[in-house]
Amino acid sequence: MKLTDHEAALLAGDLGKAHQLAMRLMVATGEATGATSFVDIEFAHINSCHYSGQLSVDFAEFLLEAGADLAVPTHTNASLIDCHQPNLRPAEQSPDAVTGALRLMEIYEELGCSSMWSCAPYQHDEGRPSFGQQIVGSESNAVSFFNSALGARTNKYGDMLDVSAAIVGRVPLAGLHTDEGRLGTQIFRLDLADSAFDDPVLPHVLGIVLGQQAGTSVPVVDGLPSATEDDLKAIAAAAATSGAVEMFHVVGVTPEAPTLADATGGRNVKTTRVDATVLDGALKALSAKTSGSLDAVCLGTPHFSITEFASLRDALGNRKVDPSVNVLVTTSRAVRAELQLRGWEEELVNAGVQLVLDTCTYYPPQAVGVAGTVMTNSAKWAYYAPGMLDIDVAFGGLIDCVESAIEGEIVLGVGR
Amino acid sequence: MTPERITGRLLLAGSAEGEVLALSEPLSLWGGLDPSTGVIIDRQHPQVGQSVAGKIVAMPGSRGSSGTPGVLGEALRCGMGPRALVLTKGDFNLVAGAMVAETLYGTSCPIVVVEPDVLDALETGSMVLVGE
């Protein structure tokens, strides 16, 4: 790679050991991707602050001791811990993880990160990069949302690489940072009846299909008439769960795809047809249970937005959930502040809904109340949780989840 | 038996000699490898149940999550990591995990990128030499 004087000084350790290791990691990243130069970044959303073993704490302590500072505004991804409800994951049950996760939260705040603790930072002004900005993302749904829905530019940087980029303020110019790397390379043409577009689970299931069939290509969805930001969040999360999609286009919806030709750069690319049979297969694979008793409902993967809370309120009406069903909704501190402002938090709590902040309910160690048969409206949750927690999943739309929580057993199709 | 020398592009310097574990598919480390034992736990992976500890792991690459560097680094910290990695494409997440573990704990895990036919020819159990 071609280094500027400043970059060479960073690599030589002139600015200290933390900057040196960060720069070594960035140069290695450049060499692995074939980049020849760096590009400055303006924003970072990092996952290094998420506990994944003693190494993550040792690395953070190393940065702190070596006097690392951050070159760009840097926001934290979700943690293992809900600081407002420490008993969600009791320290006595998994002391290393809980102690380590708390220490990580302290260190990254001390390093100067903004305390976002959310996998959906883009729901807030300060965590929302603008079109064309060069940035760094790590959490898979956020990477895909930044690229696809906002037109900001990032590859998916793993733990330790993300904060390294934020320390040196640059990344190798490669992949989704370049115009060429962002062009769609596989078209997914929807061949569905009009009624299919009213199904609230469509974006989730479509995302699963994209992830499974896109491989390392940049998929272009053609034939989806509209999509809200919550829909794009669902597609982004699901496609990065079942596969490795870091960016997708929706023709007529996402900012770099006003037309199909814009999305592909006018090139002829492979077309894959998506029909009801394909979607139905993916839907069935997400749901181990479609009837029977229910122990919990988990919503908010990725973190629930204020518009999703509005839909939840509407679906509940003035009813309460069955007391035998634990209903947990994960969201960010910022959305919670908005709920309080609107007086919705009290209403939701009175209806039997438990808010969970800063974390997610599918991460191990298992959260209190998440056991047995659990229903979710998130394909990402439904895909990951059975492997990570000892539970059975039922998957359905938000209205199905709410009706089931009220009935105390799985009911599907009420809202259709 | 004289170990066969693997030549390719070194992404992380070092040298290692040992027994090959050949993985037929990319491995998702986060959720797919237990770093405290080195055992592959991804039930969808063809080599589930095998241990990467002390092996020269030959695989097309890693798959999935941003947790990849942390899991590789943690396995190396625990002494349950691979002795070296042989890949067919540059994988910066694996380089990051090995480089951080090397800096923090003095472990060694050279990473070399080879042509696909070189990778295909590597068989589990054979002895190879990687690096300088």
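Lettering of chains follows the sequences in order, A, B, ..., and the numbering in each one begins at 1.
For Glu17(B), the CD atom counts as densely surrounded, since its 6.0 Å shell holds more than 12 non-hydrogen atoms of other residues, nucleotides or ligands. Within 6.0 Å of CZ in Arg77(B) there are more than 12 heavy atoms belonging to other residues, nucleotides or ligands. The number of heavy atoms from other shown groups lying within 6.0 Å of CG (Asp14(A)) is above 12.
Highest contact tally toward chain B, considering only Glu139(A), Met160(A), Lys17(A), is held by Met160(A) [criterion: heavy-atom pairs under 4.5 Å]. Between chain A and the options Leu76(B), Val100(B), Val71(B), the largest number of non-hydrogen pairs under 4.5 Å is found for Val100(B).
When all heavy atoms of Ser52(A) and Gly70(B) are compared, the closest pair comes out as OG-CA, 4.3 Å. Across all their heavy atoms, Trp30(B) and Met388(A) have their closest contact at CZ3-CE, 3.2 Å. Ala28(A) and Val95(B) get closest at one heavy-atom pair: CB-CG1, 3.6 Å. The nearest pair of heavy atoms linking Asp91(B) to Ala32(A) is N-CB, 4.0 Å.
For chain A, no part of Pro35(B) is nearby; none of its heavy atoms comes within less than 4.5 Å. For Leu161(A), the part lying near chain B is the side chain, with the backbone staying farther off; criterion is any non-hydrogen pair under 4.5 Å. In this structure, the portion of Phe62(A) lying under 4.5 Å from any heavy atom of chain B is its side chain and not its backbone. Contacts of Thr29(A) with chain B are made by both backbone and side-chain atoms, with heavy-atom separations under 4.5 Å.
Once rounded to the nearest 0.5 Å, the distance linking OG1 of Thr68(B) with NZ of Lys156(A) reads 7.5 Å. Rounded to the nearest 0.5 angstrom, Leu55(A) CG and Cys78(B) SG are separated by 9.0 Å.
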**Q.** From CA spacing to verdict: side chain to side chain contact (heavy atoms under 4.5 Å, CB included), Arg24(A), Thr103(B)
**A.** CA-CA 11 Å; Arg24(A) 283 184 68 211; Thr103(B) 307; 3.6 Å; yes
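Side-chain contact between Asp58(A) and Tyr105(B) is present, with heavy atoms from C-beta onward closer than 4.5 Å.
The backbone N or O of Pro69(B) sits nowhere less than 3.5 Å from a side-chain atom of Asp159(A) that would complete a donor-acceptor pair. Between the Glu74(B) side chain and the Gln54(A) main chain, a donor and an acceptor come within less than 3.5 Å of each other.
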